[in-house]
There are 4 protein chains.
Amino acid sequence: MPNRPSAPPARDPASSPAEEPVRRRPMGGRPRDPQIDGAILGAVRALLAEEGYAKLSFETVARRAGVTRPTIYRRWSSKAQLVHEAVFPTPGHAPLIPDTGDFAADVRRMVATTVASYSRPEARAALPGLFGDLHDRPDLRATVIDGLETRVREHFRSLVAAAVARGEVRADADADVVFDALMGAVFNRTVVRGDMSEAFVEGLAGVVVEGVRGRE
Amino acid sequence: MPNRPSAPPARDPASSPAEEPVRRRPMGGRPRDPQIDGAILGAVRALLAEEGYAKLSFETVARRAGVTRPTIYRRWSSKAQLVHEAVFPTPGHAPLIPDTGDFAADVRRMVATTVASYSRPEARAALPGLFGDLHDRPDLRATVIDGLETRVREHFRSLVAAAVARGEVRADADADVVFDALMGAVFNRTVVRGDMSEAFVEGLAGVVVEGVRGRE
Amino acid sequence: MPNRPSAPPARDPASSPAEEPVRRRPMGGRPRDPQIDGAILGAVRALLAEEGYAKLSFETVARRAGVTRPTIYRRWSSKAQLVHEAVFPTPGHAPLIPDTGDFAADVRRMVATTVASYSRPEARAALPGLFGDLHDRPDLRATVIDGLETRVREHFRSLVAAAVARGEVRADADADVVFDALMGAVFNRTVVRGDMSEAFVEGLAGVVVEGVRGRE
Amino acid sequence: MPNRPSAPPARDPASSPAEEPVRRRPMGGRPRDPQIDGAILGAVRALLAEEGYAKLSFETVARRAGVTRPTIYRRWSSKAQLVHEAVFPTPGHAPLIPDTGDFAADVRRMVATTVASYSRPEARAALPGLFGDLHDRPDLRATVIDGLETRVREHFRSLVAAAVARGEVRADADADVVFDALMGAVFNRTVVRGDMSEAFVEGLAGVVVEGVRGRE
DNA sequence: AGATAACCGAGACGGTACGTCCCGTCTTACC
DNA sequence: GGTAAGACGGGACGTACCGTCTCGGTTATCT
């Protein structure tokens, strides 16, 4: 969570300081009101769903959450980081699907999971906005893309490797190509066009799995 | 081009007024300076490439183009329409690739054409911004999506149908699924991640073509 | 009225440009909403009376007047100038009393006039605030002091001179000393202590007039 | 000195607890560092002289005095009280002039004393600011006005009474009117206009003394 | 001697207000 | 009627300071 201008509260004195270099604030100071974080993030989600990314501003969020702008600036330094944390509460917001030994079924479930996440109104509004704000901001780019897909992509690579080992997938298959085809299609249908369907998920998974099927 | 707030020039006196109700301006008045359109659209492309969608505004465009803001507002009623016309000069900005009888090669060429278009700096900056501005604006949504892909998608359907007839593609293949997988992957790699490569194009076309190959 | 950041409207084309170098705006531009000036100045007076000078800010005035802060900044560049114009609508807010030939009566009337002006709640709140804001701001000092007393002081000098000529006042009387004694006493009683009375006006005028009475 | 938010030090164990309900702190605890009071008040005077009342804040005082803001808040509950104590260290900051038997001379000395006090840069900066902060704060108003003039005013009444007894001043003279004329004129010239002079003191005292001279 | 309690410094909190930039609009003068 | 010039009123920005609160460490008084 490198998106906070200053360190987060993290005031737990019982956390073991030896095994993990917990970035705790050096000392005193009034602790943050923990309710405010929730109010702000909730306001962000509501505004995204109702008004879209463009009309969301620190000002409108503050009004909606019943706090003042500096209170938000203390926690998030840009609209993109604020939206990212509100919509995709890092990390692990995309739960990794288990390897069941059936590659086709696993792909279908992975696609369905992504569809569910991207179909949320706040996600539909947030994703293009976030992508648009990445221009010439490498740190933000890393944060957003990492949060969205890096873990899932790496997990998918291991799924493919296992499927190759089982003979379900041919050895020269490029997991990244498959992953981008799946995710890109989901983004296009769910976020941009807004006409995603279960049939589409089936068809997509079918084509792609067939495209990498191992030769007997 | 339904994106002009007031009537476009359309002063062609040779157009037959009978067969088509050409919306011509009522009469007289100073005609628009045709050079100004080009200056504005050029400024838009330059600003997109240099500063990104977020920092582009009517104000910055006006300054860059040496024009006043009202002059731009007279021609385009929103930033999205202005950017859309500057980056994807409708229609036919995406030339349809011919059907050579080799489905795999045609797919590869179609993907390459899209990659070329999306790789332009102004397109990379514009696309997520445009998608983000579509929230709750159905007219704009239709305009943008139509301009971007509808003609290409329909053309692709005919390519697939021909390939099915030739036995290259199996009969139950869903052209739209394939199209979205291709376009989504290109968008993801080219616009969002920015690490598109020729190898990826090859791999992508390979997987997808294999996924719909006709059974012998 | 040198207290406006940019030139005031002054768009009257009939004003003779020869006899007076009217500072008119060079040219076009949307004219100011004339109602807004009144709304702002009224809000200032109300806030002064209710909350005092210290709690009055551009922000509170804007809220009360139903306008935004930049609208006020366009018209007045500092709180002191805004308050000054609201409470003492320059110039001539202090009407000069006529010379009736009875010096004692004229003094009494001049004092009463000042008492009436300083007794307004907005004036009571504004005066010490204005004085306090004059620290190291010579231009503002000149504006405020001029607006408040210069004309009146000069008029009073002529009253004294006339009274000297009539023998009512002795020749070596210093009009400025008398003026400051009168005005200072009124300020003290009306603004600071807030226990002004008619008897005090009588007593004050009596002592001072007696103090400069001509010897027979 | 009712201006301390919590109990003042008042730790003098010799003060008789019977005859006066000295508000002593209930019990132990670390005593206040007596040097800090001086550092704060000195910083206030310096800041007043250099920057004026408006720019003085608990923050700037704390920085200047090398102290933290809460340390000041523990001692004074408002800027006005802090400034008042720094500039007019109550009580008796205005030493009463003795009755020499020469009313005119005593008046001149009283005026000169006031001029000397009000001419201090910190006093010139403080006075209008203090007056401005009295709006709707009766306790503060009493404190400030009492500290500034009540004792002097009462002493002046006794001077006038003695002068009446001696025949120097006529019997119906209103000491308060005279006092306000003197003090108001001094305030106006010294604090507001800043052009006080010895000649003005002479002239002022002369006019006023003449104004109440006893008839032979 | 230990417990208690207030102090001070440090530092962050949530809120008010600041002064500025930009938005989209409107008006005038001119062409 | 289009254009340049230019100001309007409003939305939002990012920051400075306000008065308060919490902490850790200190220093006295009271049991």
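Just so we're on the same page: letters track the sequence lines, and every chain starts at 1.
The closest side-chain donor-acceptor pair between D:Tyr53 and C:Asp133, if any, does not fall under 3.5 angstrom.
Once rounded to the nearest 0.5 Å, the distance linking CG of B:Leu130 with CG of B:Leu140 reads 7.5 Å.
Of the charged side-chain nitrogens involved, at least one lies within less than 4.0 Å of a carboxylate oxygen, so that B:Glu50 and B:Arg64 count as a salt-bridged pair. Taking 4.0 Å as the cut-off between side-chain N and carboxylate O, A:Asp37 and A:Arg32 do not count as a salt-bridged pair.
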- [ ] Could you run through nucleotides 10-15 of chain F and give me one letter per nucleotide, 5' to 3': B if any protein heavy atom sits under 4.0 Å from the base, S if only the sugar-phosphate is that close, - if neither?
- [x] BBSBBB

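Judged by distance alone, with hydrogens and angles left aside, the side-chain atoms of D:Thr143 form a donor-acceptor pair with the main-chain N or O of D:Asp139 at under 3.5 Å.
Going from atom CZ of A:Arg32 over to atom P of E:dG11 covers 16 Å, rounded to whole Å. One can place CD1 of A:Ile72 at 15 Å from C1' of E:dC13, the figure rounded to the nearest angstrom. Taking atom CZ of D:Arg75 as the reference point, atom C1' of F:dG19 lies 17 Å away to the nearest angstrom. The nearest whole Å value for the distance from the CG atom in C:Asp37 to the C1' atom in F:dG9 is 13 Å. Per the geometry, CH2 belonging to D:Trp76 stands 15 Å off P belonging to F:dG19, to the nearest Å.
Residue A:Arg30 places none of its side-chain N or O atoms closer than 4.0 Å to OP1 or OP2 of F:dT20.
Side-chain contact check for B:Trp76 versus B:Ile40: some heavy-atom pair is nearer than 4.5 Å.
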